[in-house]
Amino acid sequence: MLLSLSSQNVIQYLQDAGLCSAEDGVLVESELPESSNKNLNLLVTLTDNRQLLVKQERNINNDGNPHEFFNEWLFHQLLQQFPVIGNISAIASLVLHFDEENSILVRSYLSEYLELRRFHQNHEIFPTEIATAIGTTLAGLHRATFQRREYRDFMATAPQGMFRYSFYNPAQGIGSLSPEIFGMVPHEALQFYVLYQRYESLESAIADLAYEWNPCCLTHNDLKLNNILVHSRWEQLDNCLVRLIDWEACGWGDPAFDLGTLLASYLEIWLSSLVVDPTIDLQESLCLAMTPLEVLQPSILALIQAYLDAFPMILEYRPDFIVRVVQFAGLALIHQIQDVIKSRKYFDNADICMLEVAKNLLTMPEQAVLTIFGISESEILQPVDKLDKLTQPENEKKLLRLYYEKTQLRGC
Ligand SMILES: Nc1ncnc2c1ncn2[C@@H]1O[C@H](COP(=O)(O)OP(=O)(O)O)[C@@H](O)[C@H]1O
Ligand SMILES: [Mg+2]
């Protein structure tokens with residue numbers, strides 16, 4: 001990396017890159033409050049009210065995958081090349097510039113949108129319209145790219161001078177532990193690793209999930225509620241309610257992984273609101289949640305039903321699709337606990353509850369379906385079955401739906 005970006009040099013950088021001119025003038029530049037440790041995120045506001053989000057990968061030399069921005073850049077190019085998905089407005093690219101050498105990515109910033117996780121936190125409402133819009137959008141992406149070689153080949157492109165031998169399988173457990181763990185995590189958190197290793201059925205369920213991971217379409221691979229934006233006037237919009245952002249982990253993957261990650265993100269709202277006390281058992285804690293599961297269930301159900309409605313074919317290919325979504329949700333909860341331990345060095349009784357729930361999702365997914373969705377698997381599938389029975393000419397079924405949406409304000 002040649003240049004280390006900061007609020008002092010970011011304007012010069014943008015001018016050199018041709019993204020703004022000296023005349024533009026700059027009102028504010030600030031670090032986003034929600035910035036992760038992973039990246040530097042600078043928000044730059046120009047006098048014409050255009051806002052740019054300038055990102056630089058911080059730990060490029062130290063950890064794991066140094067090519068996350070490259071992935072987002074690749075996705076951006078794919079959208080330009082294939083209008084069938086390029087025209088799905090909820091995933092339209094926001095990328096303006098990519099500098100591989102300095103690992104810098106610039107996106108246009110959508111000031112009219114709110115992060116969906118924060119929206120739920122602040123308003124404590126869970127409108128099903130929003131969940132439906134997400135389900136339909138995601139299904140549109142998965143369906144349009146499903147088993148299409150041209151997209152797969154495109155996503156196999158590697159950064160210059162590198163090879164991409166295979167796609168990353170995200171169905172991973174927490175791996176084997178080494179003695180260094182004692183220095184890296186707080187003492188209380190060791191309990192997480194002890195419990196995790198004690199549940200043999202858990203490790204074998206994750207191993208099975210990894211074995212059956214079946215990459216067959218383009219996936220987001222980090223679809224949490226904080227990577228989804230919702231329009232501040234979502235109630236007045238017919239479409240463009242949501243935008244899926246942060247495509248840094250995208251690739252060729254298993255569609256059940258995306259839905260499972262999203263489902264876990266909804267479940268986290270419930271699980272992080274539990275009343276936890278050593279004198280209360282897990283079942284009681286789960287029932288005493290400040291945000292009960294029943295409040296989230298209509299959205300969770302709307303999400304999966306909108307998805308299956310727009311992509312029923314996935315059930316022919318994977319009859320156990322819903323069960324796998326539930327298992328991937330369990331895995332995503334485990335990864336979430338692990339991320340919190342690593343980044344915030346924190347683990348408490350609420351996390352033990354989360355681990356218990358995650359274990360149940362992974363090892364007893366059939367029973368968990370009823371708990372999570374509030375209805376059985378066959379009831380979830382009923383609307384899809386009905387749709388299937390409607391006589392449709394065979395060739396019409398095979399056609400891809402093309403999405404050419406226009407943002408429209410109701411009554412305008
Ligand atoms: N183009 C955008 N418009 C509006 N907000 C954005 C945009 N890109 C990112 N954000 C906000 O910044 C946060 C961090 O951005 P993200 O790309 O997800 O970075 P990270 O890699 O740190 O997760 C997001 O959760 C969202 O709240
Ligand atoms: Mg993010």
Side-chain angles (χ1 to χ4, degrees), residues 5 7 10 14 19-20 28-46 49-60 62-76 79 88-99 102-123 130 134 137-138 168 170 219-234 237 240-251 257-258 261-262 264-266 268-269 332 335-336 339-340 342-344 407:
L5 215 57
S7 49
V10 65
L14 293 173
L19 292 167
C20 71
V28 197
E29 48 345 287
S30 60
E31 203 164 327
L32 279 187
E34 61 273 4
S35 278
S36 62
N37 292 327
K38 218 174 51 172
N39 302 320
L40 171 79
N41 289 335
L42 287 170
L43 181 59
V44 175
T45 307
L46 306 172
N49 276 338
R50 238 175 355 121
Q51 289 193 299
L52 306 178
L53 180 64
V54 187
K55 296 170 66 90
Q56 183 169 41
E57 275 181 272
R58 273 182 173 135
N59 298 326
I60 189 98
N62 313 347
D63 74 13
N65 180 4
H67 303 299
E68 298 198 333
F69 289 171
F70 176 83
N71 273 355
E72 179 150 345
W73 176 242
L74 190 63
F75 180 65
H76 165 80
L79 295 179
I88 305 177
S89 49
I91 63 168
S93 177
L94 300 166
V95 174
L96 299 173
H97 169 80
F98 172 54
D99 170 353
N102 293 304
S103 204
I104 293 173
L105 186 87
V106 182
R107 290 191 198 137
S108 51
Y109 187 82
L110 301 171
S111 49
E112 286 204 291
Y113 283 76
L114 314 161
E115 195 183 277
L116 188 50
R117 189 192 53 177
R118 191 140 350 111
F119 168 86
H120 286 322
Q121 259 167 9
N122 294 351
H123 300 275
I130 295 178
I134 301 169
T137 300
L138 189 63
Y168 177 69
T219 48
H220 181 286
N221 288 342
D222 191 19
L223 203 54
K224 300 172 188 155
L225 293 173
N226 52 354
N227 284 332
I228 300 177
L229 307 178
V230 60
H231 200 285
S232 54
R233 283 174 291 132
W234 60 273
L237 290 174
C240 232
L241 306 184
V242 291
R243 301 289 297 248
L244 276 44
I245 58 160
D246 195 352
W247 291 86
E248 294 163 27
C250 75
F257 181 78
D258 272 349
T261 309
L262 201 46
S265 209
Y266 275 107
E268 268 178 62
I269 301 175
H335 287 161
Q336 170 63 18
D339 285 351
V340 170
K342 283 193 175 154
S343 63
R344 283 195 263 137
T407 312

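Atoms within each ligand, like the ligands themselves, are counted from 1 in listed order. Counting begins at 1 with the first residue of the sequence.
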With the Mg ion (ligand 2) at the center, what angle do OD1 from Asn227 and OD2 from Asp246 span, rounded to 10 degrees? 90°
Could you tell me whether a side-chain N or O of [X] sits under 3.5 Å from a main-chain N or O of [Y], the two making a donor and an acceptor?
X: Asn71; Y: Glu248; result: yes
X: Asp258; Y: His220; result: yes
X: Thr261; Y: Asp222; result: no

Atom indices of ligand 1, in the order listed, that fall short of 4.0 Å to a heavy atom of [X]:
X: Lys55; answer: 15 (O), 16 (P), 17 (O), 19 (O), 20 (P), 21 (O)
X: Asn41; answer: 14 (C), 19 (O), 22 (O)
X: Asn227; answer: 18 (O)
X: Leu94; answer: 1 (N)
X: Leu229; answer: 3 (N), 4 (C), 5 (N)
X: Asn226; answer: 24 (C), 25 (O)
X: Leu53; answer: 7 (C), 8 (N), 9 (C)

With side chain to side chain contact (heavy atoms under 4.5 Å, CB included) as the test, pick out the partner of Ile91 among Leu244, Val242, Leu138. Leu244
Please state which part of Ser108 comes within less than 4.0 Å of ligand 1, counting heavy atoms only: side chain, backbone, both or neither. backbone
Answer side chain, backbone, both or neither: which part of Arg243 comes under 4.0 Å from ligand 1, heavy atoms only. neither
Using 30° and 60° as the class limits, which term best fits the ring planes of Trp73 and His76: parallel, tilted or perpendicular? parallel
Whether Tyr113 lies under 4.0 Å from ligand 1, heavy atom: no
Which heavy atom of Tyr113 sits nearest to which heavy atom of Leu241, and what is that distance? CE2-O, 3.9 Å
Regarding atom 25 (O) of ligand 1: of the candidates Glu112, Glu115, Arg117, Glu72, which has the closest heavy atom? Glu115
Checking side-chain polar atoms at under 3.5 Å, does Ser103 have a donor or acceptor matched by the opposite partner on Gln56? no
Centres of the Trp234 and His231 rings: under 6.0 Å? no
